[in-house]
Amino acid sequence: MQKMFRATTLSLVTAATVSACAATRDVTALPDAANVAIGQRAYADGPLIQPVAVIEDSRCPVGVACVWAGRVRVKMLWLRPNGEAQPFEAVLGEPTPLADGTITLESVHPDKRPDRPIKAGDYRFAFRFMGGL
């Protein structure tokens, strides 16, 4: 009976260790939030985020004189540690409350051009998270 208990305990410890390693590998494989594509998950200095879609890209195209610089709005998901996906919207240059701080969409690439639309798969975003106190 004692041998069976030791074997069961060893099996459980081994399974937990392997699970932890697998989870760690998945986490380290995710990019940081400096060059994120639509549909890609990334760590933003803490929170796990995922851009889902560009809601608006009204930026002034390169080489065009505009009265208004325009803006970019991106539909996002905050992938919480409990497995819940909480939607939010990020606007270029504007801090958005998230978790215990704020997240800011700092840049959007490529630049908008007057002669060709940007395909959804070509967008890249950079985010910065400022944690709370």
Side-chain angles (χ1 to χ4, degrees):
M1 178 77 166
Q2 196 171 16
K3 282 185 178 182
M4 181 186 287
F5 177 75
R6 283 187 193 151
T8 303
T9 302
L10 181 59
S11 295
L12 291 173
V13 170
T14 303
T17 303
V18 170
S19 291
C21 290
T24 302
R25 256 185 257 126
D26 291 342
V27 168
T28 57
L30 292 172
D32 67 12
N35 188 31
V36 187
I38 291 175
Q40 183 178 30
R41 295 176 177 192
Y43 277 101
D45 301 322
L48 179 60
I49 59 167
Q50 180 179 6
V52 177
V54 174
I55 301 168
E56 174 186 350
D57 184 356
S58 58
R59 293 175 295 166
C60 185
V62 173
V64 175
C66 298
V67 175
W68 182 54
R71 67 182 183 166
V72 177
R73 296 173 37 225
V74 180
K75 181 178 178 179
M76 301 286 301
L77 292 177
W78 171 28
L79 305 164
R80 300 180 64 166
N82 65 4
E84 179 185 340
Q86 181 177 331
F88 70 98
E89 183 178 305
V91 178
L92 182 60
E94 296 180 12
T96 302
L98 184 70
D100 64 344
T102 60
I103 191 160
T104 303
L105 172 56
E106 292 193 314
S107 67
V108 178
H109 294 285
D111 290 332
K112 198 165 185 182
R113 304 253 175 223
D115 57 340
R116 63 177 173 244
I118 302 171
K119 296 175 188 171
D122 291 341
Y123 276 100
R124 296 295 180 271
F125 310 99
F127 297 92
R128 182 175 41 89
F129 180 74
M130 298 297 290
L133 301 176

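Along the sequence shown, the residues carry numbers beginning at 1. Small disclaimer: the values here were computed from a predicted structure and weren't measured.
Applying the side-chain contact (heavy atoms from CB on, under 4.5 Å) test between Ile38 and each of Val74, Val54, Asp122 identifies Val54 as the sole match.
Here ring pair (Phe, Tyr, Trp, His ring centres under 6.0 Å) pairs that include residues 105-124, with residues two or more places apart or in two chains, are Tyr123-Phe125. Note on residues 58-84: pairs passing salt bridge (charged side-chain N to carboxylate O under 4.0 Å, His left out), not counting sequence neighbours, are Glu56-Arg71, Glu56-Arg73, Asp57-Arg59, Arg73-Glu89. Sorted by first then second residue, the ring pair (Phe, Tyr, Trp, His ring centres under 6.0 Å) pairs that include residues 58-100, not counting sequence neighbours, number zero.
Residue Phe127 is not grouped with residue Val91 when hydrophobic side chains (ILVMFWY) are merged at heavy-atom distances under 4.5 angstrom, including chains of intermediate members. When hydrophobic clusters are built by joining Ile, Leu, Val, Met, Phe, Trp and Tyr residues whose side-chain heavy atoms come closer than 4.5 Å, directly or via intermediates, Ile55 is not grouped with Val52.
With sequence neighbours excluded, no residue forms a salt bridge (Lys or Arg N to Asp or Glu O under 4.0 Å) with Arg41. Residues satisfying the side-chain hydrogen bond (donor to acceptor under 3.5 Å, both in side chains) test with Arg113, not counting sequence neighbours, are none. For Pro117, there are no side-chain contact (heavy atoms from CB on, under 4.5 Å) partners, not counting sequence neighbours.
Considering only heavy atoms from C-beta on, Pro95 stays 4.5 Å or farther from Met130 through its side chain. Side-chain contact check for Tyr43 versus Asp32: every heavy-atom pair is 4.5 Å or farther apart.
For Lys112 against Ile118, the heavy-atom pair with the smallest separation is CA-CD1, 4.0 Å. Residues Ala90 and Thr96 share a closest heavy-atom pair of CA-OG1, 4.2 Å.
Taking CD1 from Ile49 and CD from Gln40, the interatomic distance works out to 10.0 Å, rounded to the nearest 0.5 Å.
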